[in-house]
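Worksheet: the structure to be examined is printed underneath.
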Amino acid sequence: MSYDPQELEAEWRRRWAESGRYEADPDGRDADDVTFVTVPYPYPNGGMHIGHARTYTVPDVYARYRRQQGDNVLFPIGWHVTGTPIIGAVERLQSGDTHQIESLTNAFVVPESDLADLETPMGFARYFIENHYKAGMRQLGLSIDWRREFTTNDDRYAAFIGWQYETLKERGLLEKGLHPVNYCTNEAQPVTTHDIYEGEDAEFQEYTLIKFNGADDDVVYPMATLRPETVRGVTNAYVDPDATYARATVDGEAWIVSEEATEKLDLQAREVSVEETVAGADLVGKRVRNPVTDEELPIVPAEFVDTDSATGVVMSVPAHSPDDWIALEEAKERAVDLADDGVDPDEIRAIEPRPVLTLEGYGDYPAKDAVEEHGIESASDPALEAATQELYNREFHRGELLEAYGEFAGEIVEDVRDDLDSHFRRRGDFDAMYDLDESVICRCGGDVEVAEQETWFLRYDDENWSERALGAIESLDAIPETTREQYVNTVDWLEEWPCIRNYGLGTRLPWDDEFVIEPLSDSTIYMAYYTVAHRLGDVPPEELDRDFFETLFYGADAVDDPDERALELREEWEYWYPVDYRCSANDLISNHLTFSLYHHAELFDEEQWPRGITSMGMGLLEGEMMSSSKGHVVLPDEAIEEYGADTVRFFLLNSSEPWQDFDWRADEVGSTHDQLARFWDRAIDVIEGPDGKRELEEIDRWLLARLQETVREVTDAMDRFETRTASQNAFYRLEERLKWYRRRTDLDRPGARWTLRTVLETRLRLLAPVIPFMANELHERLTGEPAEAVPWPEPIPEFEDPTVVAEEGLVADVLEDVREIIAVTDTDPEAIRLYVAADWKRDALETVTDVGPDRGPVMSEIMQDDDLREKGDAVNDLVGDLVEFVRERDEGTLATLSEIDERAVYEDAASFLAREFDADIAVYAEDGEPVDPDDKAGQARPFRPAIHLE
RNA sequence: GCGAGGGUAGCCAAGCGGCCAACGGCGGCGGACUCAAGAUCCGCUCCCGUAGGGGUUCGUGGGUUCGAUUCCCUCCCCUCGCACCA
């Protein structure tokens with residue numbers, strides 16, 4: 001019967017579903033034999049593709065492995081629907097967005113007739129949950145306990161999250177404050193990336209405002225800059241003479257800023273009232289005083305000033321800004337014309353750039369050097385931007401501030417910019433505002449600006465909380481280990497995290513239902529929810545109050561009147577928790593995973609902190625990034641239909657380790673299928689063949705010895721989530737051994753049949769986590785029981801045999817050497833003579849082993865023997881070879897070899913070698929007066945016989 | 001720019017001080033089997049070589065070592081993350 005994955009897999013799916021095999025409940029097994037694995041719950045704002053398939057299969061492999069090791073294993077799943085992506089998708093669908101519709105109907109093959117179901121957010125989510133994720137997970141054979149699924153939009157889940165946030169608030173880790181957000185001025189509400197029509201990549205910058213004062217009045221001219229350290233290099237200010245500026249009262253002070261800026265400042269939680277508008281031209285010629293240096297400087301007109309960027313009033317630092325350098329040059333050239341605008345031409349001509357720092361490789365005026373180096377002639381030169389960027393970077397990382405900077409003098413800009421900025425802010429000379437670095441338009445057509453909004457933050461920068469989080473990182477098994485540092489770095493740079501949004505699916509903030517808790521904040525401890533999700537349905541949502549969860553998580557003593565039901569559930573939570581391994585992705589380390597550690601560290605005791613996290617890489621398709629919007633995806637459904645679930649699993653887990661990126665290549669998946677089919681055929685031959693008898697020859701012992709190695713290697717790999725190493729060893733590496741074995745011996749022998757059956761049985765158990773359908777089926781046919789019903793293999797001491805492994809290695813070496821000689825000489829020998837090294841050579845090897853691989857000492861030891869001394873150069877050459885031989889091998893190997901009777905090994909292999917080369921084989925001892933027509937015998941070395949072909 | 005990971009033969013990819021010209025897979029070449037194709041099996045696949053050998057390689061340039069693909073440094077290139085996007 002040939003390999004038919006479809007039929008076979010359907011049958012096993014049915015068996016698993018009917019038996020409820022993977023529904024896990026607490027039983028007698030104690031904590032050491034309980035394993036809880038999770039994976040981030042899917043976000044069903046679209047379909048499932050092959051990359052998701054790997055994400056969910058990795059924990060499944062581990063879950064299956066632990067079950068075979070005798071554990072009670074829980075592997076649950078839920079559905080994340082929080083926030084706006086699903087709502088956004090529904091809105092785009094309803095508005096007839098062709099791109100969205102195509103992505104659904106093409107990439108995810110949603111039938112036209114089903115589109116109507118997708119018109120509500122939960123309808124949309126439910127569609128993909130049922131038709132894509134659940135269907136795909138079942139097809140893949142994931143061993144999930146389906147009773148525990150939920151969505152993050154469920155009432156009971158909201159009660160749980162509500163408890164979490166009430167608790168955090170009470171502990172002072174949730175705080176209200178202002179925070180910058182992208183804000184649509186038309187709709188008067190915050191917007192997300194999905195809402196943006198133009199300028200999606202825009203970032204908002206925090207500008208420093210240097211508060212220059214009018215020399216003649218008390219008005220503030222806030223000059224916006226991203227380089228506050230250049231404050232001592234300002235030579236003049238620029239305004240756009242054709243623009244409209246405003247004189248406004250900002251937080252009680254009189255400011256001059258562009259008209260646009262007054263609106264921005266207003267959005268950024270400042271008290272702004274515009275007193276009067278002022279033409280830009282009227283500002284030209286006025287003088288302003290630098291708050292740091294106290295110098296008076298002129299305001300010069302310039303058309304390049306963008307009044308829609310920050311305050312619309314800019315300062316000029318010609319020594320360090322190529323832009324400003326060019327602008328000053330040009331201003332000097334048209335100085336005469338400026339007289340008409342009320343600026344004194346002589347003053348302009350007299351402007352000298354003022355350096356603020358020294359930069360290696362540049363003169364006093366780095367901007368001048370940069371302009372000259374890039375050959376820039378005018379402000380319109382496109383090279384100007386690159387020149388500016390280059391200089392800014394160099395000055396930031398290498399520029400040393402001059403003496404005038406006092407406490408900051410001699411420091412590198414990078415190290416002190418923030419300190420310098422806050423120093424002057426404290427003195428009241430500097431202020432700040434946000435602005436976007438490019439124009440951003442909302443889908444509604446409205447202008448998007450940065451607004452400061454009242455919001456609730458999680459205080460991830462709280463010192464005590466961070467300490468606890470670091471503790472959770474320390475006790476974590478971070479896989480791969482290199483990720484640990486990433487967690488630590490994340491804790492170091494995390495600041496406050498705004499955890500609410502104005503709209504979206506999910507849990508409302510309990511004390512202010514205007515806001516919803518955002519997705520990264522409602523997914524930090526939900527693994528705990530799985531432990532009781534299937535039993536929570538018995539409790540009406542309104543009874544799931546704070547006390548209920550306090551009791552559930554903290555016990556009867558935590559509240560005055562503990563709920564009996566909560567106490568019962570507590571037993572199950574205590575049974576499963578903590579999560580042993582969370583299989584997640586690299587890109588979630590800097591947010592979700594670290595958040596999760598924070599929340600566990602705060603809300604639960606150390607024993608409940610996550611034990612391990614493995615971080616997975618991403619998937620490529622034929623060498624390129626997958627993209628559902630471009631239709632560049634493979635759906636698990638289609639792949640399974642074409643190749644079978646075992647092939648899909650095997651390919652995904654064997655082509656790279658989980659944390660490495662993998663590349664789905666149809667060609668290779670196809671050949672993976674063929675390899676499984678071949679394996680199937682061979683297994684069937686063994687199963688249907690005779691049982692054989694345990695009458696073992698050397699070669700059988702060799703294969704069994706190799707098998708024990710495989711068992712050890714696969715077990716170690718499984719423990720470390722190295723799915724590739726595990727399957728490579730259990731499948732390919734062992735197959736290589738079998739290939740040799742088949743060549744080497746008569747497979748019809750009873751001993752060989754027995755060996756083959758033993759190897760197959762063990763191998764099927766090792767492969768069962770990765771290819772459960774096929775492995776269980778074959779194992780059941782072989783033994784009467786599926787592989788998952790019997791224990792994971794352990795190495796069997798009586799089959800460990802390094803000697804037989806080393807002996808077989810010698811046979812392979814000889815085979816290789818003879819083949820090499822045949823190839824080079826292009827002959828077809830009728831007789832092959834092997835000469836085993838003389839005894840004195842073996843003695844010499846022993847001497848080298850004892851004395852150590854050092855030529856001098858070895859020679860002086862050996863030369864004490866008169867017989868050897870007579871051999872002269874032959875000894876010298878031999879020792880050279882032997883020293884190298886010993887250096888390249890460890891002690892154990894040398895000890896094993898020293899026990900071997902080399903001649904007997906070749907004599908036993910003679911019939912095999914004769915078959916391979918179709919030639920007569922004769923084995924001689926070098927010192928046994930052998931037949932030696934071409935005088936070859938002397939070339940023999942220990943474990944490397946001399947060879948003669950005839 | 002900052003943080004992390006990585007650059008190995010035609011491609012993918014293992015190795016992480018000597019057993020390495022470098023596992024394995026794919027592709028290519030030759031042979032066996034076959035009417036033929038496919039599948040399967042055997043061998044070859046950096047260069048040279050009529051005796052198991054020699055030469056040049058593991059992003060670049062240095063260094064440590066008796067010895068480096070493996071350790072240290074410089075530089076170049078690629079991927080991911082960098083906050084309100086899940």
Side-chain angles (χ1 to χ4, degrees), chain A residues 40 42-43 45 80-86 88 179-182 190-194 200 203 389 392-393 396-397 414 455 457 460 480 482-483 485-486 488-490 492-501 504 518-521 523 585-592 615 617-618 620 623 625 651 654-657 659-663 665 667-668 670-672 674-675 677-678 681-682 724-725 728-729 731-733 735-736 739 742-743 809 813-814 816-827 853-855 884-890 893 916 934 936 939 944-949:
Chain A
Y43 203 96
N45 62 331
H80 202 196
V81 300
T82 307
T84 54
I86 292 172
H179 191 77
V181 294
N182 287 334
V191 291
T192 68
T193 319
H194 285 286
E200 217 170 324
E203 284 176 28
Q389 202 53 51
Y392 279 17
N393 274 336
F396 181 61
H397 294 290
E414 179 172 12
T455 189
F457 300 101
Y460 290 134
T482 52
T483 56
E485 206 181 328
Q486 293 191 57
V488 174
N489 286 337
T490 303
D492 288 345
W493 70 249
L494 267 177
E495 292 171 10
E496 296 170 317
W497 181 268
C499 62
I500 54 165
R501 297 289 180 271
E518 62 87 40
L520 285 163
S521 300
S523 55
N586 293 137
D587 52 355
L588 295 180
I589 291 175
S590 63
N591 47 52
H592 162 71
S615 297
M618 356 172 281
L620 301 176
M625 298 259 276
F651 181 85
N654 180 64
S655 60
S656 59
E657 301 292 6
W659 43 91
Q660 299 172 321
D661 296 349
F662 74 94
D663 189 1
R665 289 180 187 262
D667 280 357
E668 300 200 16
S671 77
T672 299
D674 295 345
Q675 284 155 356
R678 203 177 313 156
D681 290 342
R682 290 226 168 89
R724 176 184 152 86
T725 303
Q728 285 269 333
N729 276 300
F731 197 81
Y732 293 105
R733 197 98 154 252
E735 187 59 34
E736 292 280 305
K739 222 158 128 179
R742 284 184 214 111
R743 239 171 116 176
D813 289 346
V814 167
E816 180 66 31
D817 278 348
V818 173
R819 183 180 297 126
E820 168 89 17
I821 297 167
I822 290 176
V824 174
T825 57
D826 196 24
T827 52
D854 263 312
R855 213 172 165 123
E884 204 164 313
F885 183 90
V886 170
R887 264 196 186 151
E888 289 168 355
R889 269 155 259 260
D890 61 45
T893 310
E916 284 287 318
D934 278 348
K936 295 283 185 195
Q939 292 177 359
R944 185 128 207 231
I947 296 168
H948 179 246
L949 306 189

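Every chain is numbered from 1 and lettered A, B, ... according to where its sequence line falls, protein lines coming before strand lines. The structure presented is a predicted model; accordingly, all values stated were derived computationally and were not measured.
Looking at every heavy atom in both residues, A/W497 comes nearest to A/L520 through CZ2-CD1, 3.7 Å. The shortest non-hydrogen separation linking A/L949 to A/I822 is CD1-CG1, 3.7 Å.
Rounded to an integer number of Å, the gap from CZ of A/F731 to P of B/G25 is 11 Å. Atom CG of A/D492 and atom C1' of B/A83 are 16 Å apart (whole Å). Rounded to an integer number of Å, the gap from A/R678 CZ to B/G38 P is 15 Å. Atom CD in A/E816 sits about 14 Å away from atom C1' in B/A51, given to the nearest Å. B/G24 atom C1' lies 8 Å from atom OH of A/Y732, rounded to whole Å. Rounded to a whole Å, the CG atom of A/N586 is 13 Å from the C1' atom of B/G3. Atom P of nucleotide B/G52 and atom CZ of A/R819 are separated by 17 Å, given to the nearest angstrom. As rounded to whole Å, 12 Å separates atom P of B/A51 from atom CG of A/D826.
Contact between the side-chain N/O atoms of A/T82 and the OP1/OP2 oxygens of B/A86 is not found at any separation under 4.0 Å. Not one side-chain nitrogen or oxygen of A/R944 sits closer than 4.0 Å to the OP1 or OP2 atom of B/A51.
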Determine, stepwise, if the pair A/T893 / A/D890 fulfils side-chain hydrogen bond (donor to acceptor under 3.5 Å, both in side chains).
CA-CA 6 Å; A/T893 310; A/D890 61 45; 2.7 Å; yes
Candidate pair A/S523 and A/H80, rule side-chain contact (heavy atoms from CB on, under 4.5 Å), full reasoning
CA-CA 8 Å; A/S523 55; A/H80 202 196; 3.9 Å; yes
Might you work through the side-chain hydrogen bond (donor to acceptor under 3.5 Å, both in side chains) test for A/Q486 and A/S590, ending with a clear yes or no?
CA-CA 7 Å; A/Q486 293 191 57; A/S590 63; over 6 Å; no
side-chain contact (heavy atoms from CB on, under 4.5 Å) for A/R944 and A/D813? Distances and angles first, verdict last.
CA-CA 8 Å; A/R944 185 128 207 231; A/D813 289 346; over 6 Å; no
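Looking at heavy-atom distances under 4.0 Å, A/V824 makes contact with a base. Nucleic acid contact class of A/W493 (heavy atoms, under 4.0 Å, all strands): base. Heavy atoms of A/A823 sit nowhere under 4.0 angstrom from any nucleic acid atom. At the heavy-atom level, A/R501 lies under 4.0 Å from base atoms of the strands shown. Residue-level contact check: A/N591 touches the bases, meaning some heavy atom is under 4.0 Å from a base atom. A/Q675 comes within 4.0 angstrom of the backbone, heavy atoms only, and of no base. Among the atoms of the strands shown, base atoms are found under 4.0 Å from some heavy atom of A/P945. Residue contacts for A/D667: at a heavy-atom cut-off of 4.0 Å it reaches no nucleic acid atom on any strand shown. Residue-level contact check: A/H948 touches the bases, meaning some heavy atom is under 4.0 Å from a base atom. At the heavy-atom level, A/L949 lies under 4.0 Å from base atoms of the strands shown. Across all strands shown, A/P519 has heavy atoms under 4.0 Å from sugar-phosphate atoms exclusively, and none from any base. Here A/K936 lies in heavy-atom contact (under 4.0 Å) with a base. Using a 4.0 Å heavy-atom criterion, one finds that A/L520 contacts the bases of the nucleic acid, with or without backbone contacts as well.
Annotation: B/C58 and B/C16 have their C1' atoms spaced 12 Å apart (nearest Å). Look at the C1' atom in both B/C73 and B/A83: the space between them is 35 Å, to the nearest Å. Nucleotides B/C85 and B/C20 are separated by 47 Å at their C1' atoms, to the nearest Å. Taking atom C1' on both nucleotides, B/C33 is separated from B/G43 by 15 Å, rounded to a whole Å. Between the C1' atoms of B/C47 and B/A37, the separation comes to 36 Å (whole Å). Rounded to whole Å, the separation between the C1' atoms of B/C82 and B/C29 comes to 50 Å. Taking atom P on both nucleotides, B/G28 is separated from B/A39 by 10 Å, rounded to a whole Å. Using C1' as the reference atom, B/G7 and B/U69 are 12 Å apart when rounded to the nearest Å.
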Given protein heavy atoms under 4.0 Å, the one-letter contact record of nucleotides 5-23 of chain B, with B base, S sugar-phosphate only and - none, is simply S-------SS---BB----
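The existence of a salt bridge linking A/R501 and A/E518 is confirmed by a sub-4.0 Å separation between a basic side-chain nitrogen and an acidic carboxylate oxygen. Contact check on A/D934 versus A/K936 returns no salt bridge, with no Lys/Arg side-chain nitrogen under 4.0 Å from an Asp/Glu carboxylate oxygen. Under the 4.0 Å criterion applied to side-chain N and carboxylate O atoms, A/R682 and A/E735 are assigned as salt-bridge partners.
Listed candidates were B/C41, B/A51, B/A86. Nearest to the side chain of A/D934 is B/A51. When distances are taken from the side chain of A/E495 to each of B/G81, B/A51, B/A83, the shortest belongs to B/A83. Of all nucleotides listed (B/C41, B/A51, B/A83), B/A51 comes nearest to the side chain of A/I821. With B/G81, B/C41, B/A83 as the choices, the nucleotide that has an atom nearest any side-chain atom of A/S590 turns out to be B/G81. Set against B/G53, B/C80, B/C42, the side chain of A/R743 has B/C42 as its closest nucleotide.
When base pairs are accepted only as Watson-Crick or G-U wobble with both N-N or N-O distances under 3.5 Å, RNA chain B takes part in stems of 3 or more pairs at B:1-7 with B:76-82, B:10-12 with B:24-26, B:27-32 with B:40-45, B:46-48 with B:53-55, B:61-63 with B:71-73.
Positionally, the nearest nucleotide of RNA chain B for A/E735 lies more toward the 5' end than for the other of A/Y43 and A/E735. Remark on RNA chain B: of its neighbouring residues A/W497 and A/L588, the 5'-side contact belongs to A/W497, judged by nearest-heavy-atom nucleotide.
Not counting sequence neighbours, the partners of A/Y460 by the side chain to side chain donor-acceptor pair (under 3.5 Å) test are A/H599.
Distance check: A/N45 CG to A/T84 OG1 gives 9.5 Å after rounding to the nearest 0.5 Å.
A/E884 CD: 12 or fewer foreign heavy atoms inside a 6.0 Å radius.
With hydrogens and angles ignored, no donor-acceptor pair closer than 3.5 Å exists between the side chain of A/N489 and the base of B/G3.
Side chain of A/Q939 to main chain of A/I947: no donor-acceptor pair is present (N/O by atom type, distance under 3.5 Å, no hydrogens or angles).
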